[in-house]
Amino acid sequence: MVYVFKTSIEDKKQIKSISKNLNEIQDIQRWNFDLEDCDNILRIVAEKNISKTVCELFSSFNYTCIELE
């Protein structure tokens, strides 16, 4: 499944700050940001629903993360 999130991530420095933690979530197969999109999209490929885990991670870094449908 592909999960899509609207985030408050705005630059590569912020991506770097959270990337290690995203990489440590075992259920995530791959992820990428689209900072050119107005919603600063995060796309995640995962077999299990990881939405809650990802949003909690972002919250712990004081970033917003909202799953889009």
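Model, not experiment: these values are computed from the prediction.
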S.K.: With a 4.5 Å limit on heavy-atom distance, are the side chains of N49 and M1 in contact?
M.R.: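 They are not in contact (no side-chain heavy atoms under 4.5 Å apart), so the answer is no.
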S.K.: Please list all pairs meeting side-chain hydrogen bond (donor to acceptor under 3.5 Å, both in side chains) that have one or both residues in residues 1-14, counting only residues at least two apart or in different chains.
M.R.: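 Qualifying pairs, neighbours excluded: S8-T64.
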S.K.: Sort out for me which residue in L35, I41, L42 forms a side chain to side chain contact (heavy atoms under 4.5 Å, CB included) with I9.
M.R.: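 Among the candidates, only L35 passes.
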S.K.: Can you tell me how far apart CD1 (I50) and CD (Q26) are? Round to the nearest 0.5 Å.
M.R.: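 Result: 13.5 Å between the selected atoms.
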S.K.: For C65, which residues count as a side-chain contact (heavy atoms from CB on, under 4.5 Å) partner, sequence neighbours excluded?
M.R.: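 With neighbours one apart ignored, the set is F5, V54, C55, F58.
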S.K.: I66, I18: one ILVMFWY side-chain cluster at the under-4.5 Å cut-off?
M.R.: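 As far as the 4.5 Å side-chain criterion goes, I18 and I66 are not connected within one cluster.
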S.K.: Taking atom OG of S19 and atom CG of N32, what is their separation to the nearest 0.5 Å?
M.R.: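 Rounded to the nearest 0.5 Å, the OG-CG separation comes out at 13.0 Å.
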S.K.: Nearest 0.5 Å please: distance from the CG atom of L57 over to the NZ atom of K52.
M.R.: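 Separation between the atoms: 14.0 Å.
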S.K.: Within the structure provided, determine whether I44 and I25 are in side-chain contact (heavy-atom separation under 4.5 Å).
M.R.: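 Result no, sub-4.5 Å side-chain heavy-atom pair not found.
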S.K.: If you define the side chain from C-beta out and look only at heavy atoms, does anything of V4 sit under 4.5 Å from V2?
M.R.: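 The answer is yes, as the side chains (C-beta and beyond) meet within the 4.5 Å cut-off.
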S.K.: Give me the ring orientation class for W31 and F33: parallel if the planes are under 30° apart, tilted from 30 to 60°, perpendicular past 60°.
M.R.: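 W31 vs F33 ring planes: perpendicular.
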S.K.: Can you tell me how far apart CG (N62) and OG (S17) are? Round to the nearest 0.5 Å.
M.R.: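 One finds 10.5 Å between CG of N62 and OG of S17.
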S.K.: Should the heavy atoms of other residues, nucleotides or ligands under 6.0 Å from CD of Q29 be counted, would the total exceed 12?
M.R.: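 Atom CD in Q29 is crowded, with more than 12 foreign heavy atoms closer than 6.0 Å.
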S.K.: Could you give the distance from CG (D34) to CZ (R43), rounded to the nearest 0.5 Å?
M.R.: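 Here the interatomic distance stands at 5.0 Å.
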